[in-house]
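Below, all heavy atoms of this structure are taken into account, side chains as well, without hydrogens, waters or symmetry copies.
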Amino acid sequence: MASWSSPAAAPCRFLSPLATAASSRALLSFPTPTTRRRLLLSSTATTIAAAKEGYPYFPGQEATLRGDADFLLECMDEAGVDGALIVQPINHMFDHSLVTSVLKKYPSKFIGCCLANPADDGSGIKQLEHLIVQEKYRAVRFNPNLWPPGQKMTNEVGRSLFAKAGELGAPVGIMTMKGIGLYIQEIEELCRDYPETTVILDHMAFCKPPTNNEEEKAFSSFLNLSRFPKVYVKYSALFRISREAYPYEDTAQLLFRVISNYGANLIMWGSDFPFVVPECGYKGAKEAVSHAASKISVSPSDLEWILGRTVSQLFQGAWVAP
């Protein structure tokens with residue numbers, strides 16, 4: 001599904017190719033040759049069907065929304081999206097069998113991001129290596145809320161997981177759901193001590209448009225992480241970071257500042273499926289990105305990076321053109 005044209009000169013620090021889409025899958029809407037479609041990719045979290053199919057939910061994490069692979073494919077087709085990065089849903093915690101089965105069934109549509117297990121016994125390190133080397137996952141998510149009480153991502157296990165991910169060439173997506181301010185020192189320490197490990201900050205590090213000095217300080221600390229050359233940003237789940245109703249126009253200024261600091265070739269769109277569906281729909285989520293971009297005069301080439309080229313370059317060879 002990746003049919004890329006040579007990347008337009010990226011206005012950033014280092015290139016990351018990502019294709020675009022249908023009329024230009026790069027989230028833009030450019031006319032594309034009828035014989036080839038550009039690739040539009042999305043980073044997405046998905047919760048796929050469970051118990052009755054032999055994939056039980058983790059106790060207390062039962063899903064309330066439909067999020068099976070067939071539904072995701074329907075949403076992608078409607079939105080003109082060619083491929084996606086599926087993040088292991090917390091509904092199944094560290095049992096990756098369901099996502100693994102989907103990755104094997106649809107190798108040209110999906111690649112996987114596993115969930116780091118920070119158990120004190122270090123068993124998650126071996127599991128991480130297995131999932132990346134044997135099951136071909138391409139990334140790993142760090143959810144600091146899963147660390148044992150009182151522990152940080154910079155503890156011995158966290159550092160080992162982070163270093164192993166870098167050794168295996170798997171980007172680490174960091175989910176700072178409680179706000180970047182709580183974790184900025186840990187992230188900076190990991191980036192400083194393991195510069196070979198690529199980082200993806202999920203959902204704009206959950207930074208909303210600042211309304212006071214404290215929020216501005218947190219957002220500035222997020223922007224400051226751009227000093228590390230292997231830190232990427234996921235412009236995703238806009239309904240979570242906006243203070244407004246759809247189309248979440250107030251996130252445009254956030255995007256402007258992120259592009260100014262990181263460069264468009266280090267930014268990727270993500271849908272946050274299935275949670276985005278009842279908010280604005282999957283297709284609506286993609287269209288909101290183009291709407292925000294139009295408010296800050298994002299160039300067509302920059303929008304193309306955000307809508308697919310960045311993730312395509314980061315995960316080279318992951319999607320196969322139909």
Side-chain angles (χ1 to χ4, degrees), residues 1-5 7 16-22 25-27 32 35-50 53-55 66-92 94-116 127-141 164-165 168-173 198 200 202 232 234 236 268-274 282 286 307-322:
M1 179 156 82
S3 77
W4 326 321
S5 48
S16 70
L18 221 206
T20 53
R25 250 328 185 351
L27 292 161
T32 54
T35 54
R36 298 181 64 178
R37 293 198 315 167
R38 288 189 176 180
L39 174 67
L40 178 61
L41 298 177
S42 165
S43 169
T44 182
T46 183
T47 304
I48 322 177
E53 296 182 9
Y55 301 104
R66 182 186 175 191
D68 57 275
D70 289 339
F71 183 38
L72 175 56
L73 288 168
E74 290 174 16
C75 292
M76 289 167 57
D77 186 61
E78 179 189 15
V81 173
D82 288 318
L85 170 69
I86 295 181
V87 180
Q88 166 70 7
I90 199 167
N91 309 81
H92 298 283
F94 307 118
D95 177 359
H96 290 70
S97 56
L98 175 58
V99 172
T100 299
S101 70
V102 171
L103 299 180
K104 290 179 178 179
K105 185 175 181 179
Y106 301 105
S108 67
K109 287 292 185 182
F110 303 128
I111 61 172
C113 174
C114 59
L115 182 62
Q127 182 189 38
L128 173 64
E129 186 164 14
H130 170 78
L131 289 168
I132 293 174
V133 176
Q134 300 298 323
E135 304 295 352
K136 308 305 179 185
Y137 281 73
R138 298 292 299 267
V140 56
R141 168 170 281 178
K164 177 60 70 173
L168 297 172
V172 175
T198 296
I200 302 172
D202 289 332
Y232 288 71
K234 200 184 287 184
S236 53
M268 65 189 78
W269 169 60
S271 67
D272 198 20
F273 174 91
Y282 187 97
K286 177 190 142 187
L307 286 181
R309 282 195 167 192
T310 298
V311 68
S312 179
Q313 173 147 319
L314 182 58
F315 299 108
Q316 291 190 27
W319 291 277
V320 179

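- Nearest heavy atom pair, residue A318 against residue I111, reads CB-CG2, 3.5 Å.
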Q: Kindly determine whether V81 and W269 satisfy side chain to side chain contact (heavy atoms under 4.5 Å, CB included), including the steps that lead there.
A: CA-CA 11 Å; V81 173; W269 169 60; 3.9 Å; yes
Q: Take Y282 and D77, measure what side chain to side chain donor-acceptor pair (under 3.5 Å) needs, and give me the verdict at the end.
A: CA-CA 10 Å; Y282 187 97; D77 186 61; over 6 Å; no
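- Using a 4.5 Å cut-off on side-chain heavy atoms (C-beta onward), K136 and K104 make no contact.
- One N or O on the side chain of K286 and one on the backbone of A79 form a donor-acceptor pair closer than 3.5 Å.
- Across all non-hydrogen atoms, the minimal contact from F315 to R138 is CE2-O, 3.4 Å.
- When all heavy atoms of A170 and I132 are compared, the pair lying nearest together is CB-CD1, 3.4 Å.
- Checking R141, H92, Q127 one by one against L115, the side chain to side chain contact (heavy atoms under 4.5 Å, CB included) holds for a single residue, R141.
- The minimum heavy-atom distance linking L131 with C114 is given by the pair CD1-CB, 3.6 Å.
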Q) Checking side chain to side chain contact (heavy atoms under 4.5 Å, CB included) for the pair L103/Y137: CA distance, chi angles, key distance, verdict? A) CA-CA 9 Å; L103 299 180; Y137 281 73; 3.8 Å; yes
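- With hydrogens and angles disregarded, a donor-acceptor distance shorter than 3.5 Å links the side chain of Q88 to the backbone of D95.
- Atoms CD and CZ, from E74 and R66 in turn, are 5.5 Å apart once rounded to the nearest 0.5 Å.
- Interatomic distance, L73 CG to Y106 OH, rounded to the nearest 0.5 Å: 5.5 Å.
- Taken from OG1 in T310 to OH in Y232, the straight-line distance is 7.5 Å, to the nearest 0.5 Å.
- Rounded to the nearest 0.5 Å, atoms OG (S236) and CD1 (I200) are 10.0 Å apart.
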Q) Could you go step by step and tell me if V140 and L168 meet the side chain to side chain contact (heavy atoms under 4.5 Å, CB included) rule? A) CA-CA 11 Å; V140 56; L168 297 172; over 6 Å; no
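- Scanning both residues, K164 and L128, for their nearest heavy atoms gives CG-CD2, 4.0 Å.
- Smallest separation of non-hydrogen atoms from P171 and G169: CD-O, 3.5 Å.
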